[in-house]
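As the structure lists them, so they are numbered: ligands from 1, and atoms in each ligand from 1.
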Amino acid sequence: MAETLTVDITRLFGSNVFNQKLMKERLPKETYKALLRTIEQGTGLEPEVANVVANAMKDWAVEKGATHYTHWFQPLTGKTAEKHDAFISPTSDGSVIMEFSGKQLIQGEPDASSFPSGGLRSTFEARGYTAWDCTSPAFLKEDAAGNVTLCIPTAFCSYTGEALDKKTPVLRSMEAVSKQAIRVLRVLGNKTSKRVTSTVGPEQEYFLIDKKYYEKRPDLIMSGRTLFGAPAPKGQELEDQYFGALKDRISAFMKDLDTELWKMGVQSKTKHNEVAPAQYEMAPIFSTTNIAADHNQLVMETMQKVALRHDLVCLLHEKPFAGVNGSGKHNNWSLATDDGINLLEPGKTPHDNEQFLIVLSAVLIAVDRHADKLRASAANPGNDLRLGANEAPPAIISIFMGDELADILSNLGKGKKASSKGQHFLHIGVDSLPPLPKDNTDRNRTSPFAFTGNKFEFRMVPSSASISGPNVVLNTIVAEALDEIAARLEKSKKNIDAECAAIVREAVQKHGRVIFNGNGYSAEWIKEAKKRGIPNISSTVEALGYMANASAVKLFEKYKVLSGQELHSRYEIYLENYIKHSNIEALCAVYMAKRLFIPTVITYTERLAETIGKLKAVGATVSVQKDVLTKVSSHLEAASEKLVTLEAALKKAQSLSESLAKAEAYRDKVLPAMNDMRSDIDALEATLPSDVWPVPTYAEMLFNL
Ligand code: ADP
Ligand code: MG
């Protein structure tokens, strides 16, 4: 499927997308206008219009080789789902025609009973509904066998209208933040912008390993990460991987990946080696949040598919290998108006600066007030192994503003005229803000939430997860802060500039504690954060407790993003997911210990004992052999004792019925027991000859590409 180098990327790009250009070409003028109104203003789509659009879409798809269509959606598994229907429709003479109606485009009714609903969908009502999200363009997916499928991005909800997916709350949160941001802009004198959208550019980290190794590791196959493995002699200490020259095999993979993504309209822009050996990153150009979320799902899926074509396996797990960096997703986020103003861009005029500082204050208020919810949105079992574990980012939410901006804010908080480097002066609404340095080198890599010039970068997001949850939280908490600011400004009897100054001052005074520009990895920060009263939520089980508590229900209900019921169902699903994940890992660890490692070691000790016997018979010295045998036997004994402990802990956890207690049992008893057993198995791996060890080693997997 790889294209040759001569391919014209501008023609290739979006060739599998039913984009606005195609719509304009293929739709009657009136239909096109009506559809555009729906896309841009969210007005309902008339059935006749839908019929015409569906037909044009089908004609285009069929010309491109499509035989089927699917309503593509994102259930709460965090993956995507699709059920393919052929376009065929029978005629009276027994033949078929290719047909696709407006109704089929707009709405689907998949059986929802096998998707997690967290109690929202009663079993007697198995129907779920998918509804076209026409703001995310339809596209064609091709597979290696040549199948082409028309994919319609859809939201997925229950019969009674509750969200059963990741997309619905994203769309609702985009509405919420747009509404409040527009109110603020209006008071600040903006009369032209109609909508504000949250924009997102998610950088995706991943590992690649040779398929032949993957196939021999039940832990990678079953749980996505290595549950055992002695460290390789070399790790990432030479810092020779980050931005290193791409090897041919990797480069070939990335080229195919780009080609496939470009065809589907994903603006894949940046690719490079990441910090850990065998780790890489891909970043697209940012887009509106719902499209970014759709595209990120396509990115993850395509990475895995394309890797296999190169006899590679793409690992999206947050911590596939102990002891080397894990993977995350840097969620770059901002707000932009429909007429192209980035609300987090420090401006050149006093007015623009006022707007910037107000929006910045909204983010400051939001992140400090709802740090627990943001943290919860980035929680998953894989991230528990990454966050705070001596690597990026810590489990404590803080904001990096950069020294200059932090200085300015601190002065504004004291009601002083802000000065910067003694040259520029700022009095909100009167003077201009000094140009802020946008130099990338000035960035603080240890901050979980960093201002990077004209956007915020939320770095806690797990590599394997959908970016929807974190952005739903971001949009909603900022919507709330903007709502309060708008209310103050609208009511203000003072002049607007003075009120703006007061808003920024109070935001800094009340919420400035969340700003931290220092080293987020240091032990001092953990102490300091505690002193400041900033939460340090170290595990998924704990974090999930904040996603549906009273404060969360109040917030998300107020902005009509998620109802209490929807939040509780999500909480149940994510907790269950944690339990299931942990259970699979534990079962897999038991399986590997019993069926791979212990038998291998037993066979080896038998051989060694035989050797010792034979050597003794001829009067040779056996001290080395005996030492090895003693060492190996003692680890073997320890490992098998720890296996018993693990199995007992597992049995106990499995027997619990209450979800929270059960999840805690996995976290506090089962996972530590697994790690405990691992230490002996890893010691055995480091002692036994490499040719007898039953699974590929870290050194093989990480350095043989
Ligand atoms: P770095 O790795 O240095 O953080 P990258 O260039 O890899 O930088 O990624 C930056 C990401 O931020 C890109 O996806 C980019 O499109 C995105 N981005 C830039 N401006 C905005 C914005 N206004 N809103 C959201 N994302 C943005
Ligand atoms: Mg980044």
**Asked** Looking at Ile477, Val184, Ile182, which hits side-chain contact (heavy atoms from CB on, under 4.5 Å) with Leu482?
**Response**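 Going through the options one by one, the only one that passes is Val184.
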**Request:** Sort out for me which residue in Lys269, Met303, Glu203 forms a side-chain contact (heavy atoms from CB on, under 4.5 Å) with Met282.
**Result:** Met303
Counting only nitrogen or oxygen atoms and a 3.5 angstrom limit, does [X] reach ligand 1?
{"X": "Thr270", "answer": "no"}
{"X": "Pro284", "answer": "yes"}
{"X": "Glu203", "answer": "yes"}
{"X": "Ala283", "answer": "no"}

**Request:** Classify the angle between the aromatic ring planes of Tyr242 and His272 as parallel (below 30°), tilted (30 to 60°) or perpendicular (above 60°).
**Result:**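 Perpendicular.
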Please determine whether any non-hydrogen atom of [X] lies less than 4.0 Å from an atom of ligand 1.
{"X": "Glu345", "value": "no"}
{"X": "Lys455", "value": "yes"}
{"X": "Glu281", "value": "yes"}

**Message:** Tell me whether Lys329 is salt-bridged to Glu457, with the criterion being a basic N under 4.0 Å from an acidic carboxylate O.
**Reply:** no
**Prompt:** Which bit of Asn342 gets closer than 4.0 Å to ligand 1, counting heavy atoms only: side chain, backbone, both or neither?
**Reply:** side chain
**Request:** Determine whether the side chain, the backbone, both or neither of Lys269 has a heavy atom under 4.0 Å from any heavy atom of ligand 1.
**Result:** neither
